[in-house]
Peer 1: 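The structure's right below; bear with me while I get my questions together.
All values reported here derive from a predicted model rather than from experimental measurement. Letters A, B, ... mirror the listed sequences (proteins, then strands); counts begin at 1.
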Protein chains: 4
Amino acid sequence: MAKLKSNQKREQIFHAGLKLFAENGYSKTTINDIAREAGVSFGTVFTYYENKAALFRACVTEPLDEFRQYMLTANEELESITLQKLKNLVGQHIDFFMEKEHYLRVIQYVIGQPYRFDEMEVLDEFADEFRSFIQHIVKTGMDKGILPASSPEEVSYGYLAFLMGMRLSFTDQARAHQTNAFKNQALRLFGL
Amino acid sequence: MAKLKSNQKREQIFHAGLKLFAENGYSKTTINDIAREAGVSFGTVFTYYENKAALFRACVTEPLDEFRQYMLTANEELESITLQKLKNLVGQHIDFFMEKEHYLRVIQYVIGQPYRFDEMEVLDEFADEFRSFIQHIVKTGMDKGILPASSPEEVSYGYLAFLMGMRLSFTDQARAHQTNAFKNQALRLFGL
Amino acid sequence: MAKLKSNQKREQIFHAGLKLFAENGYSKTTINDIAREAGVSFGTVFTYYENKAALFRACVTEPLDEFRQYMLTANEELESITLQKLKNLVGQHIDFFMEKEHYLRVIQYVIGQPYRFDEMEVLDEFADEFRSFIQHIVKTGMDKGILPASSPEEVSYGYLAFLMGMRLSFTDQARAHQTNAFKNQALRLFGL
Amino acid sequence: MAKLKSNQKREQIFHAGLKLFAENGYSKTTINDIAREAGVSFGTVFTYYENKAALFRACVTEPLDEFRQYMLTANEELESITLQKLKNLVGQHIDFFMEKEHYLRVIQYVIGQPYRFDEMEVLDEFADEFRSFIQHIVKTGMDKGILPASSPEEVSYGYLAFLMGMRLSFTDQARAHQTNAFKNQALRLFGL
DNA sequence: AATGAATGAGGCTTCATTCAT
DNA sequence: CATGAATGAAGCCTCATTCAT
């Protein structure tokens with residue numbers, strides 16, 4: 001019981017941090033802001049995270065596991081891939097990236113300042129994993145005759161760039177409309 | 001025009017600011033850092049820019065004019081567009097975005113924190129201009145039979161997202177190789 | 001007498017406090033440090049001492065009783081004083097002061113900051129008692145022809161200064177060797 | 001001129017720090033206290049000293065030079081030492097230690113917490129120098145027949161202990177009276 | 001009695017801005 | 001114009017104390 005309560009506060013703090021880091025960057029976000037957003041007192045933040053940097057690190061690295069889990073699941077289903085399934089997959093990616101705005105902004109924030117944040121390493125590794133995942137899809141798709149001839153590597157670079165740019169280059173006007181546009185454009189990157 | 005004499009120092013400060021804001025963000029960058037990078041003394045920064053925010057604003061807004069200039073020139077040449085010319089145009093965009101790393105990182109920094117920076121408005125306007133420019137290309141290309149049927153609006157969204165994501169989602173390993181990959185992928189967004 | 005049961009923990013805390021206050025001073029020593037050193041939990045410290053200041057006060061004042069007890073005993077034996085007994089007495093003082101390093105450091109810490117700690121008063125009183133004790137020895141020694149002519153008051157000042165300085169001015173290299181040096185020097189203060 | 005002004009403020013801060021560190025210890029002394037005592041603003045302290053620790057280090061180490069200078073001068077005069085001169089010398093030491101209360105309290109504060117402060121090393125070195133100085137005096141005095149047979153090393157330990165204890169074990173009641181007592185007692189340590 | 005999570009006051013430090021030289 | 005010393009607001013972090021379990 002006691003543990004549960006603790007984890008709840010930790011998560012409140014985590015989400016407050018994620019939101020505010022995403023919206024205002026690292027330096028502009030104060031511990032006070034985070035505490036207020038999380039509904040806890042100033043000092044409580046330090047009960048759960050050693051310092052501001054540790055909370056930021058958690059915000060950057062912990063969510064990666066969810067992505068990884070997703071990739072594992074998706075990879076298993078690749079054996080029985082069809083054109084429709086592949087379109088669904090891309091659609092899922094778009095939706096997924098669209099949903100995780102806060103997290104992606106934090107990611108982008110780190111990528112944009114690679115000399116400043118050590119977390120960059122973890123992200124580089126993850127980007128490699130993701131591109132491998134995409135390359136595997138492209139290869140399988142070409143083998144099954146679903147996709148036209150492509151350089152899997154080029155597609156993986158372009159697709160990741162597109163997903164990041166899509167979510168991060170626009171603020172949220174006409175979101176629904178854009179989402180469809182992005183799905184169509186994303187398919188073109190696969191040669192569809 | 002008395003200002004002309006000192007424009008050199010102003011520019012040194014400007015470029016120092018651009019570089020450091022790009023690499024470390026707004027808050028982490030100190031006036032001292034900028035002065036040192038620019039090779040001027042601390043106080044001199046305030047001789048040319050009223051305060052830190054004014055310098056940042058300049059870094060965000062002033063370079064837009066160069067982009068605009070480029071778009072105007074390119075628009076004039078659209079009348080005589082051919083497939084090869086269009087491929088060249090896309091190649092130029094890729095090269096251009098690749099070159100302007102510092103500036104684009106600053107742009108992305110502002111886009112990522114729209115509630116924080118007033119400069120966002122200017123950037124939104126510019127994004128609209130750029131997408132209009134792209135839509136004009138797509139329409140002309142379709143009219144001339146160079147491009148397959150597309151939604152010009154969708155292409156414009158996807159293409160801008162792609163350009164931003166391309167430059168900003170990767171740090172600089174294997175840059176030359178990636179550039180080619182990006183050119184190929186970009187053409188796919190136009191249906192090529 | 002219900003308190004008796006728990007006296008063990010109280011003493012653990014007391015000695016942890018004495019050691020850490022001696023080694024790091026009052027402010028630098030945290031309740032957490034004390035709890036860890038004492039092998040009890042954080043909150044338990046507050047079960048036995050109302051607050052940090054109360055524990056410190058205990059560390060400063062309680063050990064004085066042991067000194068007082070010693071002086072009483074020694075005073076009784078003064079009637080039958082001989083030169084050898086007096087030398088033994090001085091040797092005991094040196095040994096005693098050498099042994100009580102932690103406590104003397106705490107004492108010195110308070111003496112060094114008399115405006116800061118209320119405990120100073122108690123220590124002043126005790127210093128007076130100790131000097132009276134020394135003066136009594138000197139007078140008795142002169143009466144018995146054991147000691148050369150001296151100002152008892154001057155000796156009492158000098159001897160106390162010497163005892164304090166001896167233990168507190170040196171860290172613990174070559175301790176055994178120094179102890180002998182100090183015994184010889186101490187006797188000189190009595191004119192021997 | 002500009003330098004002069006700077007050095008003046010630096011010295012004000014230095015002396016404020018010395019006084020307050022002596023009276024209240026390191027942790028209890030705040031930068032704010034120092035600034036107020038020095039008559040400068042809070043931020044100005046950091047213009048002259050990188051941080052609190054650096055100011056403290058300066059307070060501990062810089063005054064040593066004055067002592068060293070004194071020892072050099074005194075050493076030169078040792079050739080023509082007489083009993084009267086030696087008594088004067090001891091008197092000077094007493095006076096000197098009596099005057100430098102603030103500094104000696106800071107020294108004692110560091111000696112009392114050797115694990116806490118790196119400055120201890122410098123002080124250990126200085127203590128060695130001082131004891132060498134004393135040993136030289138004792139040897140010369142014995143050679144010239146001024147002093148009775150002694151172990152120069154033992155005297156050097158005892159004398160330094162005495163000087164420190166004298167200044168630090170008593171607060172300032174009856175200062176003048178004590179000073180004389182201490183001078184007489186100090187001579188006894190030399191066998192006089 | 002024992003524990004340790006929650007709290008927030010207080011201190012060090014950074015840094016934008018001002019202004020005298 | 002150029003400089004950099006002076007200033008103090010604001011933020012991170014520590015830690016004594018409280019209190020519910």
Peer 1: For D/Glu125, give me all partners under salt bridge (Lys or Arg N to Asp or Glu O under 4.0 Å), at least two apart in sequence or on another chain.
Peer 2: none

Peer 1: From the options E/dA16, F/dC12, E/dA6, select the nucleotide whose nearest atom is closest to the side chain of A/Lys9.
Peer 2: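 Nearest listed nucleotide: E/dA6.
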
Peer 1: Strictly under 3.5 Å: I want the nitrogen or oxygen pairs between protein and nucleotides 17-19 of chain E, one per line.
Peer 2:
| unit_1 | atom_1 | unit_2 | atom_2 | d |
| --- | --- | --- | --- | --- |
| E/dT17 | OP2 | B/Lys52 | N | 2.9 |

Peer 1: For C/Glu66, what residues pass the side-chain contact (heavy atoms from CB on, under 4.5 Å) criterion, not counting sequence neighbours?
Peer 2: C/Phe96, C/Lys100

Peer 1: Under 4.0 Å, counting only non-hydrogen atoms across every strand here, what does A/Thr47 touch: a base, just sugar-phosphate, or nothing?
Peer 2: base

Peer 1: Given atom CD of D/Gln12 and atom C1' of F/dA6, what is their separation to the nearest angstrom?
Peer 2: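 Roughly 13 Å, once rounded to whole Å.
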
Peer 1: Which is true for D/Thr29 with a 4.0 Å heavy-atom rule: it touches a base, it touches only sugar-phosphate, or it touches nothing?
Peer 2: sugar-phosphate

Peer 1: Quick one: side chains of residues 57-64 of chain D, donor-acceptor pairs under 3.5 Å with protein atoms, not counting sequence neighbours, listed by atom name and distance.
Peer 2:
| unit_1 | atom_1 | unit_2 | atom_2 | d |
| --- | --- | --- | --- | --- |
| D/Thr61 | OG1 | D/Arg57 | O | 2.9 |

Peer 1: Under the ring-ring contact (aromatic ring centres under 6.0 Å, His included) rule, collect the residues that match up with A/Tyr103, sequence neighbours excluded.
Peer 2: A/Phe67

Peer 1: Could you tell me whether the phosphate oxygens of E/dA5, OP1 or OP2, come under 4.0 Å of any side-chain nitrogen or oxygen in A/Tyr48?
Peer 2: no

Peer 1: Note every stem involving DNA chain E: at least three consecutive Watson-Crick or G-U wobble pairs, i with j then i+1 with j-1, with both distances under 3.5 Å.
Peer 2: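 Stems for DNA chain E, defined as runs of 3 or more consecutive pairs: E:2-21 with F:2-21.
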
Peer 1: Over how many whole Å does the gap from D/Ile34 atom CD1 to E/dG11 atom P extend?
Peer 2: 12 Å

Peer 1: Roughly how far apart are D/Lys52 NZ and D/Phe46 CZ, rounded to 0.5 Å?
Peer 2: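 Those atoms lie 9.5 Å apart.
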
Peer 1: So does C/Leu168 get a backbone contact from the side chain of C/Gln108, meaning a donor-acceptor N/O pair under 3.5 Å?
Peer 2: no

Peer 1: Give a yes/no on whether any side-chain N or O of A/Tyr49 is located under 4.0 angstrom from OP1 or OP2 of F/dC13.
Peer 2: no

Peer 1: Check whether D/Arg167 reaches the backbone of D/Glu101 with its side chain - one donor and one acceptor, N or O, closer than 3.5 Å.
Peer 2: no

Peer 1: Rounding to an integer number of Å, can you tell me how far B/Arg10 CZ sits from F/dA2 C1'?
Peer 2: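 That distance rounds to 16 Å.
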
Peer 1: Give the rounded distance in Å between these two atoms: NZ of C/Lys28 and P of E/dG10.
Peer 2: 22 Å

Peer 1: Mind checking what makes side-chain hydrogen bond (donor to acceptor under 3.5 Å, both in side chains) contact with D/Thr47, not counting sequence neighbours?
Peer 2: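 D/Thr47 satisfies side-chain hydrogen bond (donor to acceptor under 3.5 Å, both in side chains) with no residue once adjacent residues are dropped.
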
Peer 1: Name all residues meeting the side-chain hydrogen bond (donor to acceptor under 3.5 Å, both in side chains) criterion together with C/Asp33; count only those two or more places apart in sequence or in a different chain, and write none if there are none.
Peer 2: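 C/Asp33 satisfies side-chain hydrogen bond (donor to acceptor under 3.5 Å, both in side chains) with C/Thr30 only.
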
Peer 1: Do any side-chain nitrogens or oxygens of A/Ser41 fall under 4.0 Å of OP1 or OP2 in E/dA6?
Peer 2: no

Peer 1: Reckon B/Thr44 touches a base, only the sugar-phosphate, or nothing at all at heavy-atom distances under 4.0 Å?
Peer 2: base

Peer 1: For DNA chain E, determine which residues of residues 15-26 of chain B have any heavy atom closer than 4.0 angstrom to one of its atoms, and list them numerically.
Peer 2: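 Of all residues in residues 15-26 of chain B, none places a heavy atom under 4.0 Å from DNA chain E.
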
Peer 1: Report the residues that fulfil side-chain hydrogen bond (donor to acceptor under 3.5 Å, both in side chains) with B/Arg36, sequence neighbours left out, ordered by chain and then residue number.
Peer 2: none

Peer 1: Rounded to the nearest Å, what distance is computed from the CD1 atom of residue B/Ile13 to the P atom of nucleotide F/dC1?
Peer 2: 12 Å

Peer 1: Could I get the full list of side-chain contact (heavy atoms from CB on, under 4.5 Å) partners for A/Ala38, not counting sequence neighbours?
Peer 2: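 By the side-chain contact (heavy atoms from CB on, under 4.5 Å) rule, A/Ala38 matches A/Gln12, A/Ile13, A/Ala16, A/Val40.
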
Peer 1: Going by the rule side-chain hydrogen bond (donor to acceptor under 3.5 Å, both in side chains), which residues pair with C/Glu23 if we only count those two or more places apart in sequence or in a different chain?
Peer 2: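 By the side-chain hydrogen bond (donor to acceptor under 3.5 Å, both in side chains) rule, C/Glu23 matches no residue at all.
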
